[in-house]
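In what follows, a structure is listed as structure tokens, so that the remarks can point back to it.
Each ligand, and each atom within it, is numbered from 1 in the order the structure gives.
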Amino acid sequence: MIPINKPLIGEEEKREVMKVLESGKLTDSSLDGSPMVRDFEKDLAKFVGVKHAVAVNSGTSALIASLLALNVGHGDEVLVPSFTFIATANAVLATGARPVFVDVNLEDYTISVEDLERKISGKSKVVIPVHLYGHPADMDPIVKLAKEHGLFVVEDAAQSLGSSYKVIGTGSIGHLGCFSFYSTKVVACGEGGAITTNDDELCVKLKTIRNHGLASNHNSEVLGLNLRMPEIEAALVKIQMRRISSFLDGRRRNAKALSELLKESKGVRLPRERKDRVYNWYLYTVSLEKSRDMVLEILNRKGVGATVYYRVPIHRTDLYSKLGYSNLPLPNTVWASEHVISLPVHPGLKDQDVSMIASSLKEAIRTTLKNL
Ligand SMILES: Cc1ncc(COP(=O)(O)O)c(C=O)c1O
């Protein structure tokens with residue numbers, strides 16, 4: 001099976017991890033963290049184009065730490081899309097605040113600016129645009145609305161490392177940006193995350209929050225948790241970051257080849273990079289007019305690890321249904337959850353893999369249309 005994503009781990013990563021094992025220093029609970037963590041934070045901040053990066057142990061931790069740093073809690077509302085990974089909304093619930101679900105647009109599946117404007121209330125405190133599939137959300141109008149209503153902007157950039165909006169890196173546009181380095185991500189270390197910011201005070205607060213809220217005098221000033229990134233993961237992701245240009249080039253090359261091979265296909269809508277944005281091509285997500293699940297089954301049978309992200313929108317999951325969200329009118333969210341399929345474009349693919357993915361999709365569409 002061609003996997004939907006696969007980390008590329010080389011000799012350099014192994015050497016760096018061995019260095020950690022030999023040093024015996026596996027983690028560090030001081031405010032600034034251990035040496036590999038600090039090196040990685042410097043490299044990430046430079047790459048994203050911000051003053052600070054704070055490494056944590058997952059993208060979920062990055063979101064929770066960001067909301068805690070902004071004093072989000074009971075009585076606050078946080079605007080989030082429902083068409084995203086569940087962590088985006090769960091981070092809000094974890095703080096005691098209420099997620100308010102916003103629809104997406106069907107052009108690139110990111111948050112709908114029109115629906116966002118409708119959903120802002122006197123209780124809104126934060127908006128979390130998600131750069132889904134590596135497609136940057138339309139940040140200018142989002143930031144404008146946030147300014148008008150006094151909201152903080154936390155970018156969920158878990159899927160968008162290397163994507164940019166009007167030449168500005170995602171994760172550097174809002175007050176805070178949250179990244180994930182989970183195994184399938186563009187740059188991976190198994191479990192890991194980071195928050196990026198230009199705000200000096202928020203940076204210190206985030207470093208405190210990742211370490212039980214402990215200040216230098218061993219006193220807890222704010223609610224924190226153990227969100228620290230271990231040194232082995234930092235060693236891995238530090239080297240992965242140094243290889244990011246080649247990873248991104250590979251993804252772009254494969255996405256371009258897929259678009260070329262599929263351009264004449266009927267019944268399938270291909271992703272289109274918007275003029276003012278650069279995609280990192282974390283996923284190549286198409287939408288099918290008809291029979292999505294039959295096409296998916298055929299692709300999987302042929303050995304293509306095509307996957308649906310996300311089949312159940314968050315507001316319709318059992319957890320959120322119990323909280324009373326299931327009947328919200330979010331038509332584009334529901335449409336997307338019923339029609340999208342993501343195809344592999346990761347840099348580990350060979351040319352013949354890309355050709356096989358394209359021909360399998362064309363054949364799957366032909367077969368399902370015949371059976372209608
Ligand atoms: C959009 C989005 N937000 C948040 C997360 C959470 O990141 P992690 O799995 O590292 O906790 C992910 C990870 O899959 C994600 O895709």
Side-chain angles (χ1 to χ4, degrees), residues 3-7 40 44 53-68 78-95 99 101-102 104 108-111 126-137 139 142 153-163 170-171 173-174 176-196 206 209-210 225-230 233-234 236-237 240-241 251 279-285 307-315 317 319-320 333 336-337 340 342 346:
I4 185 74
N5 259 311
K6 185 176 170 208
F40 163 61
L44 179 68
V54 178
V56 288
N57 52 18
S58 71
T60 309
S61 297
L63 287 163
I64 293 174
S66 295
L67 296 175
L68 291 176
V78 178
L79 299 137
V80 291
S82 172
F83 192 58
T84 172
F85 184 54
I86 195 151
T88 316
N90 281 354
V92 179
L93 281 189
T95 67
F101 290 110
V102 180
V104 290
D108 59 18
Y109 311 108
T110 63
I111 198 163
V126 175
V127 54
I128 309 185
V130 180
H131 305 304
L132 199 73
Y133 308 141
H135 305 170
M139 292 306 290
I142 294 169
V153 178
V154 175
E155 293 172 73
D156 185 337
Q159 301 185 2
S160 71
L161 183 64
S163 298
T170 56
I173 305 165
L176 296 166
C178 296
F179 291 93
S180 165
F181 308 107
Y182 177 68
S183 262
T184 60
K185 296 296 192 274
V186 168
V187 153
C189 66
E191 302 285 0
I195 308 114
T196 46
L206 286 162
I209 287 169
R210 79 171 163 190
L225 298 156
N226 177 0
L227 307 177
R228 297 184 298 264
M229 175 182 275
E233 277 70 18
L236 245 177
V237 74
Q240 288 266 294
M241 265 317 287
R251 287 179 178 278
Y279 294 2
N280 67 355
W281 295 105
Y282 169 57
L283 291 165
Y284 188 95
T285 304
T307 309
V308 172
Y309 299 111
Y310 294 94
R311 184 178 287 280
V312 186
I314 299 176
H315 72 287
T317 59
L319 170 65
Y320 286 81
T333 295
S337 70
V340 296
S342 296
H346 58 81

Backbone N or O of [Y] within a donor-acceptor pair of the [X] side chain at under 3.5 Å?
X: S66; Y: A62; answer: yes
X: D156; Y: L63; answer: no
X: T333; Y: S82; answer: no
X: R210; Y: V54; answer: no
X: Q159; Y: Y133; answer: yes
X: H346; Y: T184; answer: no

- Message: My understanding is that only one of L161, V56, V186 makes a side-chain contact (heavy atoms from CB on, under 4.5 Å) with F181; could you say which?
- Response: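 One option only clears the test, and that one is L161.
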Can you report which non-hydrogen protein atom sits closest to [atom], along with the distance?
atom: atom 3 (N) of ligand 1; answer: D156 OD2, 2.8 Å
atom: atom 16 (O) of ligand 1; answer: Q159 NE2, 2.8 Å
atom: atom 12 (C) of ligand 1; answer: F85 CD2, 3.5 Å
atom: atom 11 (O) of ligand 1; answer: T60 OG1, 2.5 Å
atom: atom 8 (P) of ligand 1; answer: G59 N, 3.4 Å

Just which atoms of ligand 1 are under 4.0 Å from any heavy atom in [X]?
X: V130; answer: 1 (C)
X: S58; answer: 10 (O), 11 (O)
X: A158; answer: 2 (C), 3 (N), 4 (C), 5 (C), 12 (C), 15 (C)
X: T88; answer: 3 (N)
X: T84; answer: 1 (C)
X: S180; answer: 7 (O), 8 (P), 10 (O)

- Message: Assess, by modelled atom type and distance only, whether the side chains of H131 and S160 contain a donor and an acceptor separated by less than 3.5 Å.
- Response: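 No, no side-chain donor-acceptor pair sits under 3.5 Å.
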- Plane angle bin for H315 and F101 - parallel if under 30°, tilted between 30 and 60°, otherwise perpendicular: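 It falls in the tilted class, 30° to 60°.
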- Heteroatom distance test (A87, ligand 1): nitrogen or oxygen, under 3.5 angstrom: no
- Message: Checking the N or O distance criterion of under 3.5 Å, is ligand 1 in contact with K185?
- Response: yes
